[in-house]
Amino acid sequence: PKGYYRLKMIDLDGTYTYSETITVITNCAPSAIKIFPNPVTSVVHIQGIEAGDQVKIMDALGQIVTSAVSPGNIATLDLTPYAPGVYSVLISHGAAMLKAGQVVKQ
C-alpha cells in the first residue's frame, strides 16, 4: 500500500509550516488475524496466528489480565472472570508485534 506523510511544525508563537510531502510504500500484507466474537461474554478466539505466538489481554490500566501461548493457528482465552469493559489484545511472535486490537467484554 501507498501512503503520504508530511509534518506540521508549530512554533511557540503559534505559526506553523508543513514539511515536504513524501510517499511511503510498504510491503505489508493485510492482517489475516481475527478476534471474535466481539463483543464477548465469555470466551474469545484469536484466529490466524501461529503456534508459539503470545496473546495478551490487557485492561484499561495496561495490566495483563490473562495471556496464553497459541498451540496452533487459533488461541482461546476465557474472559468470564473479568469485569465488563474494553480490553486490549496484543499478539506477538518473538520480538515482533503482529497485531494490537480490542475486545469488548459484556
Could you report the tightest heavy-atom contact between [X] and [Y], atom names first, then the distance?
| X | Y | value |
| --- | --- | --- |
| Tyr87 | Ile57 | CB-CG2, 3.7 Å |
| Gln106 | Thr41 | OE1-CG2, 3.7 Å |
| Ile49 | Ile74 | CG1-N, 4.3 Å |
| Pro37 | Val44 | O-CG2, 4.2 Å |
| Lys2 | Ile25 | CG-CG1, 4.1 Å |
| Val69 | Gln54 | CG2-OE1, 3.4 Å |

pair [X]-[Y]: side-chain heavy atoms closer than 4.5 Å:
| X | Y | value |
| --- | --- | --- |
| Lys105 | Pro39 | no |
| Val103 | Leu79 | yes |
| Glu50 | His93 | yes |
| Ile46 | Ile91 | yes |

Residues clustering with Val86 (ILVMFWY side chains joined when closer than 4.5 Å, directly or via others)
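Hydrophobic cluster check, Val86: joined to Val104.
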Can you name the ring pair (Phe, Tyr, Trp, His ring centres under 6.0 Å) partners of Tyr4, sequence neighbours left out?
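Checked Tyr4 against ring pair (Phe, Tyr, Trp, His ring centres under 6.0 Å); zero matches.
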Could you measure the distance from the [atom1] atom of [X] to the [atom2] atom of [Y]? Nearest 0.5 Å is fine.
| X | Y | atom1 | atom2 | value |
| --- | --- | --- | --- | --- |
| Leu7 | Ser19 | CG | OG | 4.0 Å |
| Asp78 | Ser42 | CG | OG | 6.5 Å |
| Tyr82 | Asp59 | OH | CG | 10.0 Å |
| Gln47 | Thr76 | CD | OG1 | 10.0 Å |
| Ile64 | Met58 | CD1 | CE | 6.0 Å |

Looking at Tyr16, does the NZ or CZ of Lys8 lie under 6.0 angstrom from its six-membered ring centre and within 45 degrees of the ring axis?
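Relative to the ring axis of Tyr16, which defines the angle, Lys8 lies inside both limits.
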More than 12 heavy atoms of other residues, nucleotides or ligands under 6.0 Å from CG of Leu61: is that the case?
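Yes - once you tally the heavy atoms of other residues, nucleotides and ligands closer than 6.0 Å, there are more than 12.
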Is it true that, when you exclude Tyr18 itself, more than 12 heavy atoms of the residues, nucleotides or ligands shown sit nearer than 6.0 Å to its OH?
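Yes, because the 6.0 Å sphere around OH of Tyr18 holds more than 12 heavy atoms from other groups.
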For residues Ile35 and Leu90: do they belong to one hydrophobic cluster (side chain heavy atoms under 4.5 Å, members Ile, Leu, Val, Met, Phe, Trp, Tyr)?
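They do not share one cluster, since no chain of ILVMFWY contacts under 4.5 Å joins Ile35 to Leu90.
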